[in-house]
Amino acid sequence: MVAYWDADQRCRFANRAYEKWFGVDPRTLVGKEMRELLGPLYALNLPYIEGVLRGEAQEFEREIPDPAGGAPRHSLAQYIPDVVDGQVRGFYVLVTDITRLKRAERALREAEHQLESSARLDALATLAAGIAHEINNPLAAILAHTELALESLSGLPATSEALATDLREARNNTLRVRDIVRSMRLLARGEAKRDEQVDVSDTLRGSIELVQPSLRYRARVVRELGAGLYVRGNASQLAQVFVNLLSNAAQALPEQPGRANEIRVSTRREGDLIVSEVSDNGCGIPRELQERVFEPFFTTKGVGAGMGLGLSISKSIIEALGGALSVASEPGRGSVFRIVLPAAPAAAPQASKPFALPASPRTSTPSLAVARPRVLVIDDELAVARTLERILARDCDVVIKNHGQDALALLGNEQEPAFDLVLCDLMMPEPSGQAIYEKVHEQRPELAERFVFITGGAFTAKGRQFLESVPVAVLEKPFDLARLRAVVAAYATKA
Ligand code: ADP
């Protein structure tokens, strides 16, 4: 818009653009007062008008409503004084539409913000994985020694019952630490497994079952679960996500009898996507927090009630599966959490490791086919190696190697009697577990088949790729006695 206004703020000239911006014919404007044209904007612009009439050029930005009811335009206005012989006779007005510029600026700021929060999340995930890894070694030792002590006690007279109770309490709490560490590790991006064909509706049904005890008296659960909806992933991880969303939904609902508390769970196909939603008509989430709820350790729940990890873990699981988790919430009315995942074809062969580790046996250890199996433990952390030795020494001959080089020298020695099992840490200073395995695989393939990797779980992307590419089982720290012994037994009987 281009115009000229005199010192009495009356229009002397206005171009055609005024028609578009204000919906007025510029010819009828001549002689009109600025106050009349601007309406409510006049009061806002007054300081600039007074400024330019004092002879000072003005520049400012303003949002101007669209007379046709569309989105407002962003404008950059310039007032230039018309000074003759030191007297201000009037001023020129130049208004430029900068709407597109503003939009681009906002998009850029949002992208920047997203980048920042994703960088922050990455840093947190790395930190969490690092801490988890460090805690896992001493944790493995504590857990194993507690179990060993419990085992020794079981042969003693009943006077030691109080001691056994203390130890069991210690073990249960150690197991809690293990679970916390596990959930922290899941924060590390991309740790989601994609090895199964998962029936989403089935998984949702199972998850509802799991949280049913806390749902039953809180809310009516409405299900809209389609048939034949499959994604690639891991059923227990997906169930973890659903359980999380369901428990959050239940906690968002007030305990008011007679109120129509409702949790709606649905899943359906939309093109190539499977869309699942968990919605509630509970307290909702204030707008300014709707993005923050996905941040690790963000919680509005009291001490001990929530760690604030649920949604951030859920998000990283879903994103690692190539999907997205988002929320739409109306404060005071409820929330809808939505998961979108790529659909998988209905039937596909199940991938399986050539030799799967046995699950923890509930009963006693299986008897061994080999009288005393020989086990090699390779771990740079002496405490872990010693713990393994302490657990296995009862039934096996255990050899410990702390350095990858020493282990390789031993494994390369043809005079050395064969090992039934090689428990090898994956993350070690060079040569790493991977390097040791590759070397052995090249030189003595029959021995490579005896490898089981032990890990604290903090995989790099490369490490994960490697684990997926080899037929080697993985044992996670901290291990429990029964499972470890079952693994040894399985290898001792493996021809
Ligand atoms: P936690 O449940 O341990 O607090 P989450 O990451 O699962 O951790 O959730 C983070 C926060 O998001 C919660 O503390 C709560 O404020 C908010 N939230 C999550 N789900 C809902 C929901 N369905 N309704 C209202 N608020 C929710």
Side-chain angles (χ1 to χ4, degrees), residues 117-118 120-125 127-129 132 176-177 179-189 191-192 204 207-208 210-224 236-256 259-267 275-321 323-340:
S117 60
S118 129
R120 212 170 42 217
L121 267 183
D122 277 346
L124 258 171
L127 182 73
R176 265 187 65 195
V177 178
D179 291 343
I180 294 172
V181 170
R182 280 209 176 130
S183 34
M184 272 173 66
R185 233 171 41 202
L186 276 173
L187 266 182
R189 297 222 160 155
E191 221 191 273
L204 265 167
S207 312
I208 296 172
L210 273 176
V211 280
Q212 194 62 34
S214 60
L215 288 186
R216 194 171 298 138
Y217 301 106
R218 270 273 166 109
R220 195 164 76 95
V221 181
V222 180
R223 293 157 223 235
E224 292 161 12
S236 58
Q237 282 187 334
L238 203 60
Q240 183 188 357
V241 173
F242 289 141
V243 163
N244 226 318
L245 297 184
L246 286 163
S247 332
N248 278 345
Q251 286 167 5
L253 292 164
E255 279 177 281
Q256 265 172 34
R259 191 183 185 278
N261 282 350
E262 190 176 281
I263 296 177
R264 191 169 283 271
V265 184
S266 71
T267 182
V275 178
S276 315
E277 287 177 346
V278 176
S279 24
D280 64 79
N281 57 356
C283 61
I285 305 169
R287 290 207 195 293
E288 65 279 12
L289 298 185
Q290 287 181 13
E291 232 173 273
R292 294 202 53 207
V293 294
F294 296 105
E295 287 177 9
F297 303 109
F298 176 85
T299 180
T300 55
K301 296 171 190 168
V303 179
M307 276 221 298
L309 282 177
L311 285 177
S312 59
I313 290 173
S314 300
K315 195 171 163 88
S316 43
I317 290 178
I318 296 298
E319 284 176 359
L321 296 179
L325 170 63
S326 60
V327 66
S329 180
E330 192 68 43
R333 319 237 346 226
S335 315
V336 183
F337 281 85
R338 170 184 254 251
I339 294 173
V340 179

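Order of appearance sets the numbers: ligands from 1, and atoms from 1 within every ligand.
Between Val293 and Asn248, the closest side-chain pair of non-hydrogen atoms is not below 4.5 Å. No side-chain heavy atom of Val340 sits less than 4.5 Å from a side-chain heavy atom of Ile318. In this structure, the side chains of Phe242 and Val211 stay at 4.5 Å or more apart for every pair of heavy atoms.
Taking every heavy atom of Thr299 and a limit of under 4.0 angstrom, the matching atoms of ligand 1 come to 1 (P), 4 (O), 14 (O). Taking every heavy atom of Asp280 and a limit of under 4.0 angstrom, the matching atoms of ligand 1 come to 22 (C), 23 (N). Within the listing of ligand 1, atoms 6 (O), 10 (C), 12 (O), 17 (C) sit less than 4.0 angstrom from a heavy atom of Val293.
In plain terms, the two heavy atoms of Thr267 and Ser276 that are nearest each other are OG1-OG, 3.2 Å. For Pro254 against Asn261, the heavy-atom pair with the smallest separation is O-ND2, 2.9 Å. Contact detail for Leu311 and Leu325: the closest heavy-atom pair is O-CD2, 4.2 Å.
At a heavy-atom distance under 4.0 Å, atoms from both the backbone and the side chain of Leu311 approach ligand 1. Under 4.0 Å from ligand 1, not a single heavy atom of Leu245 appears. Of the heavy atoms in Phe294, none comes closer than 4.0 Å to ligand 1.
Residue Ser312 has no nitrogen or oxygen atom sitting less than 3.5 Å from a nitrogen or oxygen atom of ligand 1, judged on distance alone. No N or O atom of Gln251 sits closer than 3.5 Å to an N or O atom of ligand 1. Residue-to-ligand polar distances keep Phe337 apart from ligand 1: every N/O pair is separated by 3.5 Å or more.
Ionic pairing of Glu224 and Arg264 is present here: one or more N-O contacts between side-chain nitrogen and carboxylate oxygen are shorter than 4.0 angstrom. Ion pairing between Glu330 and Arg287 holds under the 4.0 Å rule for side-chain N and carboxylate O.
Compare Ile263, Ile285, Asn244 by their heavy atoms: the one nearest to atom 27 (C) of ligand 1 is in Ile285. Comparing heavy-atom distances from atom 22 (C) of ligand 1 across Ala252, Gly282, Pro331 singles out Ala252 as nearest. Taking each of Val278, Thr300, Leu309 in turn, the one with a heavy atom nearest to atom 13 (C) of ligand 1 proves to be Thr300.
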